[in-house]
Q: 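Got a structure for you, written out below as structure tokens; questions coming shortly.
In the text below, chain A, chain B and the rest are named by the order of the sequence lines, each starting its count at 1. In this text the structure is predicted, and so the values were computed from the model without any measurement.
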Number of protein chains: 2
Amino acid sequence: MDKQTITIYDVAREASVSMATVSRVVNGNANVKPATRKKVLDVIEKLDYRPNAVARGLASKKTTTVGVIVPDVTNMYFASLARGIDDVATMYKYNIILTNSDSNSEKEIKVLNTLLSKQVDGIVFMGNEITEKLREEFKRTKTPIVLAGSVDDAGDNPSVNIDYVAAVQEEVKNLIDRGNKRVAFVCGPLDQAINGKYRLKGYKQALKSAGIAYDDKLVFETDDTYKTGTLLQPALMAVNATAAMVTDDELAAGIMNGMSDADVKVPEQFEIITSNDTKLTEMVRPKMSSITQPLYDIGAVSMRLLTKLMNNEPVDEKNVLLPYGLMKRESTK
Amino acid sequence: MDKQTITIYDVAREASVSMATVSRVVNGNANVKPATRKKVLDVIEKLDYRPNAVARGLASKKTTTVGVIVPDVTNMYFASLARGIDDVATMYKYNIILTNSDSNSEKEIKVLNTLLSKQVDGIVFMGNEITEKLREEFKRTKTPIVLAGSVDDAGDNPSVNIDYVAAVQEEVKNLIDRGNKRVAFVCGPLDQAINGKYRLKGYKQALKSAGIAYDDKLVFETDDTYKTGTLLQPALMAVNATAAMVTDDELAAGIMNGMSDADVKVPEQFEIITSNDTKLTEMVRPKMSSITQPLYDIGAVSMRLLTKLMNNEPVDEKNVLLPYGLMKRESTK
DNA sequence: GATTTAATTGAAAACGTTTTCAGATTGCCG
DNA sequence: CGGCAATCTGAAAACGTTTTCAATTAAATC
């Protein structure tokens, strides 16, 4: 009673050719006489034959599927990257298996392994804290892996990012130039290299160039959530900060709303610059000034890079830096 | 030079048992003597054997992978659903292949077919305008499909939603009770059943109960984007609307900001209620009152339903309605 | 200890493709 | 029209599992 699945063999019989020939026309192999090609194509049409990608994957050792590991799709930043990834994946005939890791190292390792067991042709990984254990798992496989919008200081994985230190440095400099003596640095977990090594470095460099002493009371390590942001106003006031460089848009939105709710005027009394330029920056009032990152493109370029790696094509630059920008909106003077 | 992949056969040899036995222990089959189980397990450990899911899929005709078709992950509404889906998928040992359709019917059909060719065990579909063509494709396959947060008036696919007509009716009634004689209905494309058939119906019913004549000048069909929302203020004022029931959060945020930018006070001069209760509602000022939908749960329940369908378990209710709520925030009086 | 029954195991056939290699056909040239 | 190269085609062996069925071994019964 089962709906009969029709196989390449059925087509071969019906068209009175061999499986090999059918396989050839399905795969667009040139070595088949136009007449036979037509004959086979007709039978395929008539029988409504659809190749079984699993069998194909087993025989060819390619699944045209790539794994995508992301902390949380629900976060606009990652959703944008994911969209870029999917679009160019589609363009190159790949599909993506998307998994949320919650930035949990154990979970990351686990899903990495299930992705590998599913024989994905490549993986794009997002998440900035790469534990030694995870790094080892990365090394163990020869399936290509690229980091998207994520940095690993210690590893040597291909990656695509922007120049976080330069971007932060530039924005903090602007803040200082506008007269802010005490600018806070509000970031996600510092053990993530992107924060602890790069952005913080940019912050420090800007301070140094301006001859301002680094004060660790001004750096606030958070969990990157909106909620946390809303709670930060008192602490920020307590250290006499008059501006903040924030590393996440939702977090920044939280801070800004916390300020507004406490009747601190943004930007008059407190300036805020955020980092990801998700569409949230425009939706909030005042609109948030931001470092602009080509989010979609970071995803897109990552995936493009991955396709090259999967095909053993030469890549000129393993660690791509895309251009960033500075978007002045209403949360800065 | 290729990294040798080790197969079930290698561990069989090494453990001096048959492949069948190895397969049994890998799959937790009870019929194997504890001693042999241990022996095999040890060899697996020693050789670092990982089962090849593709081969397994071919032999067993199950891939433990489900397809997820979504208009755009970058939209918070769908991202939330997707997250719910992935979480329960993981819980039941499935992975998801995530594809963006842009609500484009051709694209939907195309990805549906590639998902099927990849032999997914099931599909959860999001997107409200289901063309006749797509409906036919749905019918052609015996792979189970469930609609998540999406309705198809004409088809008979399993689905999980909330009671959109009741929810809208209730909110519009509240608006009217508070003295609004002219409440606008701002929605996405009306040819999507969720808008054209359900929500609009709730709107009309509320009007009718209140003895107010339906005026189609008050219904605004849009494309559901933030940008469009920001442009709507003049038109809304032109028809003397004093409140709006909006079917999408980003759209609503746009409208609200458009109002604010034109110095129309929300909620004093214009009340706004939105529909999806994404976290955006809290981030915007004033915070938006909303119909609350258990977004994550809609995804989660869809996936759970799908697991039952995939296992041929009986399901009590093919079309699940989850409870909705009404969240009063600051965009209404 | 001989049977009978239950618990373990293994051999081999799927699963639906791709791919290699050799054989068959065709086209072209003098 | 013979011969050689170029073009097409097919047989059969992978690919790495699961699963069926029969055979073997162990346990239980009297």
Q: Is Asn27(A) close enough to dT18(C) that one of its side-chain N or O atoms is under 4.0 Å from OP1 or OP2 there?
A: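 Result: yes.
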Q: Counting the atoms with a prime plus P, OP1 and OP2 as sugar-phosphate, which does Ser23(B) contact under 4.0 Å by heavy atoms, base, sugar-phosphate, or nothing?
A: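 Base, at least one base atom sits under 4.0 Å.
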Q: Any N or O donor-acceptor pair under 3.5 Å from the base of dG16(D) to the side chain of Arg50(B)?
A: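 No, no donor-acceptor pair under 3.5 Å.
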Q: Are Asp48(A) and Arg50(A) close enough, and set up right, to give a salt bridge (charged side-chain N to carboxylate O under 4.0 Å, His left out), and what steps lead you there?
A: CA-CA 6 Å; Asp48(A) 192 27; Arg50(A) 316 283 185 87; 3.3 Å; yes
Q: Can you tell me how far C1' of dT7(D) sits from NZ of Lys33(A), to the nearest Å?
A: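 After rounding, the reported distance stands at 10 Å.
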Q: Return the value, rounded to whole Å, for the distance between atom CZ of Arg37(A) and atom P of dC8(D).
A: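 In whole Å, dC8(D) P lies 9 Å from Arg37(A) CZ.
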Q: Does the distance from a Lys or Arg side-chain N to an Asp or Glu carboxylate O, for Lys133(A) and Glu106(A), drop under 4.0 Å?
A: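 Salt bridge between Lys133(A) and Glu106(A), a charged N being under 4.0 Å from a carboxylate O: no.
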Q: Counting only side-chain N and O atoms of Tyr49(B), is one of them less than 4.0 Å from OP1 or OP2 of dT17(D)?
A: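 Yes, because at least one side-chain N or O of Tyr49(B) sits under 4.0 Å from OP1 or OP2 of dT17(D).
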Q: When all nucleic acid strands are considered with a 4.0 Å heavy-atom cut-off, which category describes Val26(B): base, sugar-phosphate, or nothing?
A: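 Result for Val26(B) = nothing.
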Q: Can you tell me the distance, in whole Å, between the CD1 atom of Ile44(A) and the C1' atom of dT17(C)?
A: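 These atoms are roughly 13 Å apart.
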Q: Rounded to the nearest angstrom, tell me the gap between atom CG in Leu58(B) and atom P in dA14(D).
A: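 After rounding, the reported distance stands at 17 Å.
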Q: Look at all strands and tell whether Val54(A) reaches a base, only sugar-phosphate, or nothing, counting heavy atoms closer than 4.0 Å.
A: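 The residue Val54(A) makes no contact with any strand.
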Q: Once you round it to whole Å, what is the distance between P of dG10(C) and CZ of Arg13(B)?
A: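 Whole-Å distance recorded here is 15 Å.
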Q: Return no unless some side-chain N or O of Lys61(B) is found under 4.0 Å from OP1 or OP2 of dT17(D).
A: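 For dT17(D), OP1/OP2 do not have a side-chain N/O of Lys61(B) under 4.0 Å.
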Q: Can you see whether Asn75(B) engages Arg83(A) through a side-chain donor-acceptor pair at a distance of less than 3.5 angstrom?
A: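 Looking only at side-chain atoms, Arg83(A) and Asn75(B) do not form any donor-acceptor pair under 3.5 Å.
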Q: So if I take every side-chain heavy atom of Ser60(A) and compare against dC8(D), dT18(C), dG10(C), which nucleotide ends up nearest?
A: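 So the nucleotide nearest the side chain must be dT18(C).
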Q: In terms of side-chain geometry, is the basic nitrogen of Asp42(A) or Lys39(A) positioned less than 4.0 Å from the acidic oxygen of its partner?
A: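 Salt bridge flag = no for Lys39(A) with Asp42(A).
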Q: Looking only at the side chain of Arg24(A) (C-beta and beyond, no hydrogens), which of the listed nucleotides dG10(D), dG16(D), dT19(D) gets closest?
A: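 Of the candidates, dG10(D) comes closest.
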Q: Would you kindly compare Ala59(B) and Val32(B) by the position of their nearest DNA chain C nucleotide and give the one closer to the 5′ end?
A: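 Mapping each residue to its closest nucleotide by heavy atoms, the 5'-most match is Val32(B).
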Q: By the 4.0 Å heavy-atom rule, please label Thr7(A) as base, sugar-phosphate, or nothing.
A: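 The residue Thr7(A) makes sugar-phosphate contact but no base contact.
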Q: May I ask you to evaluate whether Asn52(A) reaches the phosphate of dC15(C), defined as a side-chain N or O under 4.0 Å from OP1 or OP2?
A: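 No.
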Q: Going by atom types only, do Lys118(A) and Thr65(A) share a side-chain donor-acceptor pair under 3.5 Å?
A: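 No.
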Q: Examine dT18(D): is either OP1 or OP2 under 4.0 Å from a nitrogen or oxygen in the side chain of Arg56(B)? Give yes or no.
A: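 Answer is yes, contact under 4.0 Å.
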Q: Do the side-chain N and O atoms of Asn29(A) and Arg37(A) include a donor-acceptor pair separated by under 3.5 angstrom?
A: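 No donor-acceptor contact under 3.5 Å links the two side chains.
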Q: Would you mind reading off the distance between Met19(B) atom CE and dC15(D) atom C1', rounded to a whole angstrom?
A: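 That distance rounds to 12 Å.
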Q: For Asn31(B) and dA6(C), what is the distance between atoms CG and C1' respectively, to the nearest whole Å?
A: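 Atom-to-atom, Asn31(B) to dA6(C), this comes out as 10 Å.
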Q: Establish, with yes or no, whether the OP1 or OP2 oxygen of dT8(C) is under 4.0 angstrom from a side-chain nitrogen or oxygen of Thr36(B).
A: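 Result: no.
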Q: With a cut-off of less than 4.0 Å, is there a side-chain N or O of Ser18(A) near OP1 or OP2 of dG10(D)?
A: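 Affirmative; the distance criterion is met.
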Q: Mind calculating the distance between OH (Tyr9(A)) and P (dG10(D)) to the nearest angstrom?
A: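 Atom-to-atom, Tyr9(A) to dG10(D), this comes out as 12 Å.
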